[in-house]
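Okay, so here's the structure we're looking at.
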Amino acid sequence: MKVSVECVGCGQCAAYCSFDAIIIFGRASMNENCIECGECVKYCPLSAITESI
Amino acid sequence: MKAVIIGAGLGGLLAGAKLTKAGYDVEIFERLPFIGGRFTNLPYKGFKLSTGALHMIPHGSRGPLAQMLKEVGANVTIIDSNPIAVIRKENNEIIAFHDFRNELSLTKQVKLGTVLSYSRKFKPRSEISFRDWVLKYFDDEFLFKLADSFCGWALSLKAKDVPAREMLEIIDNMYLYKGSGIPLGGCSAVTDALSGIIRSNDGRIHTQSNVERIIIDNDMAKRVIVNKKTIDADIVISDIGHFETSRLYESEDLEYSDKISNVKPSKGIKICLSSDEQLIGHSGVFFTPYAQRINGINEVTNADPSLAPPGKHLVMSHQTLISDDLEAEINLGLLDLQQLFPGKEYDVLLIQSYSNGWPVNRASSGNDNGNRTPVENLYIVGDGAKGKGGIEVEGVALGVRNVMAEIGVS
């Protein structure tokens, strides 16, 4: 998943991620657990997450 | 009468509950998959964290929000905090909030009484900030630090960025309503109760529904376009702030456009901690005027243990953002926590930051632009249009009350 500069780090995506794949520290970033399921996309209030491809 | 509401945050839901009770046909559109905006629970590792607010209602069971919840019949238990708040002094000693005067010299205590009662009656008309207002009467480091700690916790601003006028309105409300309280079940107890009322009065709430356009005809909002569908409306209430709303229609009112594009949101960082033992020991606010960054902390599990797994406490700190270096600001906050609770064991659960398009408040306190727009039947509610002297969600409730008065709903 790609995270744009719009991300402020609210953490909603991390809470709804089933794979413990999102780290929040001022902004969101995905770790190696991410399987690109895309579930996080809809929980972002700023539409800051998109598919990598 | 058909009311369309954009956004199912606290403002949209309060407006929706009031309007369905008054017989309006209400339809709410929320872009996210869940309702409540920045005032609902965020389930995380067995804890009930929150999407925004720190599970706290600033004026507790007697404040404007509690009052409005009663009016619409929302069944929410608000546990008033006792003590309301404490202050951690420089020497680590903890004192009750209302005893802060005792930290001043006797002369200053007398002066504070006089200045406060005069200024509450005759509020400054100028743009003087709360910091400069304090400085005008007192040269006192403790008062400056306390002012920053309070403004940082309650408004996510430095005292120099809060108009004194607004702060004196807040002080009035503190005398009037007292505070604070924790809703049993957390923030979502409030927003879920409101959605229950809306639905039981035949109102509809749609999630994952993005309002793309507001259609204006003869200076009136006539329709909205949602997920490519057209919905007719007699009145439109937007809970997404003035600026975001203005992007949904064309307006030629340049003065309004100018005014709303200059509004600065307030920014902040919340650090959520898990602890086996109590760090604070009550559910009131723990003000930290001598910490580098953290303004205050609460431990909500003292009011509602269900907000954490059995045997755990949920502790949340708040700090306003001082610089644009978010990572450095977070690190200073984490360092503060180590120094505030030396030798205590806790885990950092989640660090949440709020700014720009998803801020603490869409309009920082004292800079709200009212609830009206250039379109007669289009109103703004929420934290971008708070009522005077309303801290956070209390301001949201006061703003909704203003809109209801405008459209004649009691």
Side-chain angles (χ1 to χ4, degrees), chain A, chain B residues 7-9 30-38 40-53 207-210 239-241 244 265-272 316 321 323-334 348-360 362:
Chain A
M1 307 307 295
K2 261 191 353 203
V3 181
S4 80
V5 290
E6 297 290 314
C7 174
V8 300
C10 74
Q12 281 180 191
C13 55
Y16 285 101
C17 173
S18 307
F19 301 93
D20 208 5
I22 307 180
I23 298 160
I24 307 291
F25 198 91
R27 55 179 287 129
S29 58
M30 281 65 185
N31 65 21
E32 67 286 353
N33 291 346
C34 178
I35 59 151
E36 300 277 332
C37 69
E39 185 67 10
C40 49
V41 171
K42 62 178 187 240
Y43 288 99
C44 177
L46 293 167
S47 308
I49 313 176
T50 46
E51 309 271 344
S52 294
I53 316 131
Chain B
E30 166 58 49
R31 189 162 47 127
L32 291 172
F34 58 85
I35 62 149
R38 279 160 291 147
T40 189
N41 293 1
L42 192 63
Y44 191 73
K45 296 185 176 170
F47 288 80
K48 291 173 186 163
L49 304 186
S50 70
T51 51
T207 52
Q208 288 187 272
S209 299
N210 189 29
D239 190 22
I240 64 171
E244 290 300 324
S266 55
K267 311 170 179 190
I269 298 166
K270 174 170 67 171
I271 304 178
C272 309
M316 293 178 281
L321 211 57
S323 78
D324 287 334
D325 189 342
L326 201 47
E327 291 193 9
E329 294 289 318
I330 291 171
N331 282 324
L332 286 168
L334 290 168
V348 176
L349 282 167
L350 189 64
I351 301 167
Q352 298 169 276
S353 42
Y354 300 88
S355 61
N356 306 335
W358 201 242
V360 176
R362 289 189 193 272

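Residue numbering restarts at 1 for every chain, and letters A, B, ... go by the order of the sequence lines.
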**Prompt:** Within a reach of under 6.0 Å around CG of B:N331, are more than 12 heavy atoms found that belong to other residues, nucleotides or ligands?
**Reply:** yes

**B:L326 vs A:F25 side-chain heavy atoms within contact, under 4.5 Å** = no

**Prompt:** Side chain, backbone, both or neither: which part of B:L334 has a non-hydrogen atom closer than 4.5 Å to chain A?
**Reply:** side chain

**Toward chain A, the part of B:L350 with a non-hydrogen atom under 4.5 Å** = side chain

**Whether over 12 other heavy atoms sit under 6.0 Å from B:D324 CG** = no

**Asked** By a 4.5 Å heavy-atom criterion (distance strictly below it), what part of B:E329 contacts chain A: side chain, backbone, both, or neither?
**Response** neither

**Asked** Quick one: are B:T51 and A:Q12 in side-chain contact, heavy atoms under 4.5 Å?
**Response** yes

**Complete:** In terms of heavy-atom pairs under 4.5 Å with chain B, the winner among A:P45, A:A48, A:C44, A:G26 is A:P45

**Request:** Measure the CG-OG distance between B:N210 and A:S47 for me, rounded to the nearest 0.5 Å.
**Result:** 7.5 Å

**Request:** State, to 0.1 Å, how close A:V8 and B:S353 come at their nearest heavy-atom pair, and which atoms those are.
**Result:** O-OG, 2.6 Å

**Asked** Which heavy atom of A:A14 sits nearest a heavy atom of B:Y44, and at what distance?
**Response** O-CE1, 4.1 Å

**Request:** Provide the closest heavy-atom pair for B:P43 versus A:A15 in the form atom of the first, atom of the second, distance.
**Result:** O-CB, 3.6 Å

